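The structure appears below as structure tokens.
In this text, all values refer to a predicted model and were calculated from it rather than measured experimentally. Positions are given from 1 along the sequence. Order of appearance sets the numbers: ligands from 1, and atoms from 1 within every ligand.
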Amino acid sequence: MDSILVKGGARLQGAIPIAGAKNACLTLMPATLLTHEPLTLTNAPRLSDIRTMTALLQSLGAEVASLQNGQVLALSSHDINNHRADYDIVRKMRASILVLGPMLARDGHAVVSLPGGCAIGARPVDLHLRALEAMGAELDLRDGYVHAKAPAGLRGAVVEFPFVSVGATENALMAATLAKGTTVLKNAAREPEIVDLARCLRQMGAQIDGEGTSTITIQGVDRLGGATHPVVTDRIELGTYMLAPAITGGEVECLGGRLELVAAFAEKLHEAGIDVIETERGLKVSRRNGRVNAVNVVTEPFPGFPTDLQAQMMALLCTAEGESVLEERIFENRFMHAPELMRMGARIDVHGGTAKVKGVDRLRGAPVMATDLRASVSLILAALAAEGETLVNRVYHLDRGYERVEEKLRACGATIERVKGE
Ligand code: EPZ
């Protein structure tokens, strides 16, 4: 397993290109299952999760060609000859559940492994299943799989989500495009990745209104066509790299970044003493003066502060002046980066979904372990500002969501390299 070795202390200067959004691409790719026509995705990120979704779609009989060094994905589901998504692929990536709605909507049947939990929580899929049942799907859960049927096709329904779920909104949205009649999704997720999916589906011929608000209305159509669609910029990668100059000092321009993708996050950075300026090329980020101010953070569904930036923000606040309180309201176990940061001298007190962080002058390098995707990059950020060397182990987590992280940071003056594992 590879590791990443960082020697901290450099103030970063330069520009970092932001890639297409992993979490948009992971729902855009299964949309190929809704049509017999070709779907082309441009600005696709080059990540192991994308390769996993590619393998899953190919196991169903879809053709997925990765072109231009992985930045373009050409998909076609003309000949789906297998409607079973196996556990050995689904357990590696929970987003695999997003093939359920599309397969059911177009072909009337699907067998998809339940994803199981992951490091940050149990992450059930009950909201996905209830939405599809509301649209007439017959679901039978047995031997760890969802056996789903809709012999007469899906029908429009009013689906009210008890709480916001990104994945359940995506599964229901895709299924509703081919359901007979009108579907209304209430308390729907408002994330930019949902807006991106709706724009692509509309290009394919879907009739959708209200994406980006809490109520999405879909008028089902008989069939969908193909499309060519650019994947939206990754707001989580953007926020992560905005924190690099924040934690080290210096100034970095995040190319392709747009303020509306990270408004709540940028507001918090401003409160912490970090300036975010819109330029023609993206967002330029620098510290307003010496230290970083302590701030309080509560994670919420979009447009609130993203849970996927909580670990990275904690790294910054470990070096802030004063005490910060971070409340994680989306997942039940998303503070696993805290004990690793404490190995670097951070002062963090975790009680349930709340973490109190007392800022220290300097973190100190230490060997640490990545536990999940966003925790791993939080440790890299801390290492950039720490005194001495930090070895971050198990960086396969990192490669799921960040392409060429060491190259992008080295280009801004960081001393960082990948150490090949056995
Ligand atoms: C998506 O996961 C993202 N993944 C996550 O990013 C992100 O953290 C999350 O949305 C929240 O923004 C992808 O888009 C591939 P949810 P998802 O359904 O859809 C509970 C990353 O780092 N829930 O909005 O799985 C769930 O357990 C990843 O890129 C149910 O109880 O998130 C969680 O506590 C991590 N039943 C909460 O709702 C359900 O049926 C929000 O989950 C569905 C969800």
message = Checking contacts here: is it the side chain or the backbone of S165 that comes within 4.0 Å of ligand 1, counting heavy atoms only? Could be both or neither.
response = both
ask   = Does a salt bridge link K408 with E237, judged by any charged N lying under 4.0 Å from a carboxylate O?
value = yes
inquiry  = I'd like to know whether ligand 1 has F302 as a neighbour, heavy-atom separation below 4.0 Å.
reply    = no
Those atoms of ligand 1 less than 4.0 Å from some heavy atom in H128 = 40 (O)
message = Less than 4.0 angstrom from a charged side-chain N to a carboxylate O is my criterion; do D308 and R334 meet it?
response = yes
message = I'd like to check whether L26 has a polar contact with ligand 1, where a contact means an N/O of the residue lying under 3.5 Å from an N/O of the ligand.
response = no
key: Which of the ligand 1 atoms, numbered from 1, are nearer than 4.0 Å to a heavy atom of D126   = 30 (C), 31 (O), 36 (N), 39 (C), 40 (O)
task = Answer yes or no: is there an ion pair linking E406 with R418, defined by an N-O contact shorter than 4.0 Å?
result = yes
inquiry  = Walk me through whether T299 and E328 qualify under side chain to side chain donor-acceptor pair (under 3.5 Å).
reply    = CA-CA 5 Å; T299 64; E328 172 55 59; 3.2 Å; yes
Proximal atoms of ligand 1 relative to G167 (non-hydrogen, under 4.0 Å) = 18 (O), 19 (O)
ask   = Which of the atoms in ligand 1, numbered in the order shown and given with their element, are less than 4.0 Å from a heavy-atom of K22?
value = 21 (C), 29 (O)
ask   = Does even one non-hydrogen atom of R334 get within less than 4.0 Å of ligand 1?
value = yes
key: Contact check: D308 vs ligand 1, nitrogen or oxygen atoms, below 3.5 angstrom   = yes
task = May I ask you to decide whether E193 forms a salt bridge with R235, counting only side-chain N to carboxylate O separations under 4.0 Å?
result = yes
task = Run the contact test for G401 against ligand 1 with a 4.0 Å cut-off on heavy atoms, strictly below, and give the result.
result = no
request  = Measure up the H109 and H83 rings against each other and bin them: parallel (under 30°), tilted (30 to 60°), perpendicular (over 60°).
outcome  = tilted
key: Sub-4.0 Å atoms of ligand 1 with respect to non-hydrogen atoms of I330   = 33 (C), 34 (O), 37 (C), 41 (C)
task = Pull out every atom of ligand 1 sitting under 4.0 Å from any heavy atom of N23, numbered as shown with elements.
result = 3 (C), 4 (N), 6 (O), 13 (C), 14 (O), 15 (C), 21 (C), 29 (O)
